Amino acid sequence: MEEKARICVFDYESTPDEAVPGAGTIRRMITKENSGMNLTLSKGILKPGAGHGWHAHETQDEAVFVLEGEGTMHIEGYGDVKYKSGMSIVIPRGVRHYNENTSDADTALISVFNPALR
């Protein structure tokens with residue numbers, strides 16, 4: 001007998017904040033751990049003038065959707081991508097990058113990782 005797909009519902013307000021040192025916060029709403037699905041969906045808040053260090057996700061593709069604010073995604077081998085609310089950026093696995101809020105207000109982003117980060 002085939003097993004039915006698991007339906008999950010998550011509430012942003014009940015998802016705990018995780019500090020991103022020197023940058024802001026992130027809430028990992030959907031993870032492999034809590035959904036059984038092989039993806040991670042997070043909402044991050046990047047503080048004005050803040051950024052995080054160069055890094056790469058060696059085994060995950062990342063899709064970023066900008067909810068609010070603006071900034072620059074620095075992408076090794078590609079250059080700088082200036083973004084604003086309503087834009088999306090896809091970063092293939094293994095590509096080094098870092099995100100920087102270049103505005104004087106919070107920047108809110110949704111990130112989806114496939115396969116899951118955790």
Side-chain angles (χ1 to χ4, degrees):
M1 187 161 133
E2 188 175 322
E3 186 176 324
K4 287 187 175 185
R6 181 174 164 203
I7 302 300
C8 301
V9 178
F10 302 100
D11 179 20
Y12 177 76
E13 295 303 321
S14 64
T15 303
D17 274 335
E18 296 177 31
V20 178
T25 60
I26 192 165
R27 291 186 188 190
R28 299 186 196 281
M29 291 183 56
I30 302 171
T31 65
K32 189 172 187 178
E33 293 167 347
N34 68 14
S35 72
M37 300 178 87
N38 203 8
L39 62 88
T40 301
L41 183 140
S42 305
K43 180 180 179 186
I45 304 295
L46 196 57
K47 294 295 180 190
H52 55 75
W54 282 100
H55 67 284
H57 307 282
E58 294 302 325
T59 58
Q60 290 86 15
D61 296 318
E62 179 179 9
V64 178
F65 178 72
V66 184
L67 293 170
E68 299 173 4
E70 57 188 55
T72 302
M73 184 72 72
H74 305 277
I75 305 172
E76 191 171 74
Y78 186 84
D80 295 344
V81 176
K82 296 194 181 302
Y83 64 78
K84 62 182 180 180
S85 178
M87 295 177 74
S88 294
I89 303 167
V90 176
I91 304 165
R93 65 191 69 195
V95 174
R96 287 175 34 88
H97 60 285
Y98 80 89
N99 190 5
E100 179 182 21
N101 180 343
T102 57
S103 73
D104 58 0
D106 286 355
T107 295
L109 309 151
I110 296 289
S111 294
V112 178
F113 294 91
N114 181 28
L117 282 173
R118 45 167 116 155

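On a predicted model such as this, the values are computed, not experimentally measured, just so you know. By convention here, the first residue in the shown sequence is residue 1. What you see below is based on every heavy atom in this structure, not just the backbone, and it leaves out hydrogens, waters and symmetry mates.
Contact between Glu76 and Trp54 at its shortest, heavy atoms only, is N-CZ3, 3.6 Å.
Residue Ile89 holds its CD1 atom at 7.0 Å from CG of Asn99, rounded to the nearest 0.5 Å. Residue Asp80 holds its CG atom at 5.0 Å from NE2 of His74, rounded to the nearest 0.5 Å. Rounding to the nearest 0.5 Å gives a distance of 4.5 Å between CD of Glu62 and CD1 of Ile91. The line from CZ of Phe113 to CZ of Arg118 is 10.5 Å long, rounded to the nearest 0.5 Å. Atoms OH and NE2, on Tyr98 and His52 in that order, are 10.0 Å from each other to the nearest 0.5 Å.
For the pair Thr107 (side chain) and Glu70 (backbone), a donor-acceptor distance under 3.5 Å is present. Remark: the backbone N or O of Leu46 is paired with a side-chain donor or acceptor of Asn101 at under 3.5 angstrom. Thr40 places a side-chain N or O within 3.5 Å of a backbone atom of Leu117 that can act as its donor or acceptor partner. Using modelled atom types, one side-chain atom of Gln60 and one backbone atom of Ala116 make a donor-acceptor pair closer than 3.5 Å. In this structure, Arg27 contributes its side chain and Tyr12 its backbone to a donor-acceptor pair below 3.5 Å. The main-chain N or O of Leu67 is found under 3.5 Å from a side-chain atom of Ser85 such that the two form a donor-acceptor pair. Checked by atom type and distance alone, the side chain of Asp61 pairs as donor or acceptor with a backbone atom of Arg93 at under 3.5 Å.
Using a 4.5 Å heavy-atom cutoff, the side chains of Lys47 and Asp106 are in contact. Side-chain contact between Leu109 and Tyr83 is present, with at least one heavy-atom pair separated by less than 4.5 Å.
Evaluated for a side-chain contact (heavy atoms from CB on, under 4.5 Å) with Ser35, the options Ile7, Leu41, Ile30 yield exactly one hit, Ile30.
His55 and His97 have their aromatic ring centers within a separation under 6.0 angstrom.
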Do Glu18 and Val20 pass the side-chain contact (heavy atoms from CB on, under 4.5 Å) test, and can you show the C-alpha distance, the side-chain angles, and the key distance before you say yes or no? CA-CA 7 Å; Glu18 296 177 31; Val20 178; over 6 Å; no
